[in-house]
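Notes for the one structure printed next.
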Amino acid sequence: MVRGWHGWLGTFNGVVLITMVVLPLAALAVWVLARRRRAAGTGSAWRTSLADVGIVYGTVPWVWMIMLPGDQAGVVPGRVALVPLRDLLTIVSDGGPLTATVQVVGNLLVFAALGFFAPLRFPALASVPRVLALAAGCSVLVETAQYVLRLDRVSSVDDVLLNAAGAGLSALVARRWWRATPDTSTQRRPEPAPAAGR
């Protein structure tokens, strides 16, 4: 049972419950944004509104969870793992397949919503390499924050690789939709009609 402010805001279970509780609010936000955009005559109002809310709703809880402090936060110095795949192999060997699966899937999901919705929202990001670069940059910021804030977590290059890979895979899943997004920057304006009498 989740109790107190720390139970709601400072534990994995609390973050998961809050995420489920605010789902109707996220749906309402999509509806309100879409109605306002349609009233203003904005094209693709539903798609844009869903992407806006989806990026936030699908990313913030994961980042919140990985920024939760450990038991020795502020006491132990920050730890860094810069050798690719070493952490992953350690998790597999020490924790077993179940722990490794949970860890890998969790890391893949951190920026999955960003990878799925960002190309729908921003046509300039409609490319898998750009999504990978964006997710890797965001992941580096998160890992750096974990180290600087001394959250009793390991800032690992493997986390950056998995976070970026999750965003890239999500972008591939959404590719059929973002490839169909019209690029308004390249659309030609209609030529003015010739003046009467010419």
Side-chain angles (χ1 to χ4, degrees), residues 12 15-16 18-19 22-23 26 47-70 73 77-181 183 185:
F12 290 107
V15 175
V16 170
I18 288 174
T19 303
V22 301
L23 179 57
R47 176 196 293 249
T48 304
S49 302
L50 179 62
D52 284 340
V53 175
I55 289 170
V56 175
Y57 180 80
T59 304
V60 169
W62 292 104
V63 173
W64 186 352
M65 281 193 273
I66 62 178
M67 292 299 292
L68 289 176
R79 291 163 289 165
V80 178
L82 299 177
V83 179
L85 304 181
R86 178 179 287 177
D87 269 1
L88 202 54
L89 294 174
T90 302
I91 291 168
V92 171
S93 62
D94 293 351
L98 179 61
T99 302
T101 301
V102 170
Q103 185 77 27
V104 169
V105 171
N107 277 299
L108 290 173
L109 290 174
V110 171
F111 293 115
L114 181 68
F116 189 94
F117 290 111
L120 297 174
R121 180 61 179 91
F122 307 103
L125 291 173
S127 126
V128 174
R130 291 175 190 169
V131 169
L132 286 170
L134 174 65
C138 292
S139 185
V140 167
L141 287 175
V142 170
E143 296 297 313
T144 303
Q146 287 179 340
Y147 177 81
V148 170
L149 297 173
R150 299 172 64 188
L151 297 179
D152 188 23
R153 291 183 170 273
V154 178
S155 298
S156 172
V157 70
D158 287 353
D159 290 343
V160 174
L161 295 174
L162 287 171
N163 295 164
L169 291 172
S170 293
L172 286 173
V173 170
R175 193 173 188 175
R176 60 181 284 193
W177 293 289
W178 53 258
R179 285 180 67 96
T181 302
D183 187 358
S185 64

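Between the OG atom in S49 and the CZ atom in R47 there is a gap of 12.0 Å [rounded to 0.5 Å]. Note that CH2 of W178 and CZ of F122 are 15.0 Å apart. Values are rounded to the nearest 0.5 Å.
Under the side-chain contact (heavy atoms from CB on, under 4.5 Å) criterion, L88 pairs with L85, V104, D158, L162, not counting sequence neighbours. The side-chain hydrogen bond (donor to acceptor under 3.5 Å, both in side chains) test applied to T19 returns no partner, not counting sequence neighbours. In this view, R130 satisfies the side-chain hydrogen bond (donor to acceptor under 3.5 Å, both in side chains) rule with no residue, not counting sequence neighbours. Not counting sequence neighbours, the partners of V105 by the side-chain contact (heavy atoms from CB on, under 4.5 Å) test are T101, L109. For R150, there are no side-chain hydrogen bond (donor to acceptor under 3.5 Å, both in side chains) partners at least two apart in sequence or on another chain. For S170, there are no side-chain hydrogen bond (donor to acceptor under 3.5 Å, both in side chains) partners at least two apart in sequence or on another chain. Here T90 pairs with R86, D94 under the side-chain contact (heavy atoms from CB on, under 4.5 Å) rule; sequence neighbours left out. For A100, the side-chain contact (heavy atoms from CB on, under 4.5 Å) criterion is met by I91, V92, not counting sequence neighbours.
Residue pairs meeting the side chain to side chain donor-acceptor pair (under 3.5 Å) criterion with at least one partner in residues 51-65, sequence neighbours excluded, are R37-D52, D52-R121.
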F116 vs I55, side-chain contact (heavy atoms from CB on, under 4.5 Å): CA-CA, chis, key distance, verdict: CA-CA 8 Å; F116 189 94; I55 289 170; over 6 Å; no
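Closest heavy-atom contact between L161 and P84: CD1-CB, 4.2 Å. V53 approaches A26 most closely through the heavy-atom pair CG1-O, 3.6 Å. The minimum heavy-atom distance linking L151 with M67 is given by the pair CD1-O, 3.3 Å.
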Table please: side-chain donor-acceptor pairs of residues 132-147 below 3.5 Å, with sequence neighbours left out.
{"unit_1": "S139", "atom_1": "OG", "unit_2": "N163", "atom_2": "OD1", "d": "2.7"}
{"unit_1": "E143", "atom_1": "OE1", "unit_2": "S156", "atom_2": "N", "d": "3.0"}
{"unit_1": "T144", "atom_1": "OG1", "unit_2": "V140", "atom_2": "O", "d": "2.7"}
{"unit_1": "Q146", "atom_1": "NE2", "unit_2": "I66", "atom_2": "O", "d": "2.6"}

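Residues V154 and V80 are not in side-chain contact: their nearest non-hydrogen atoms beyond the backbone lie 4.5 Å or more apart.
At least one donor-acceptor pair closer than 3.5 Å links the side chain of R79 to the backbone N or O of D152.
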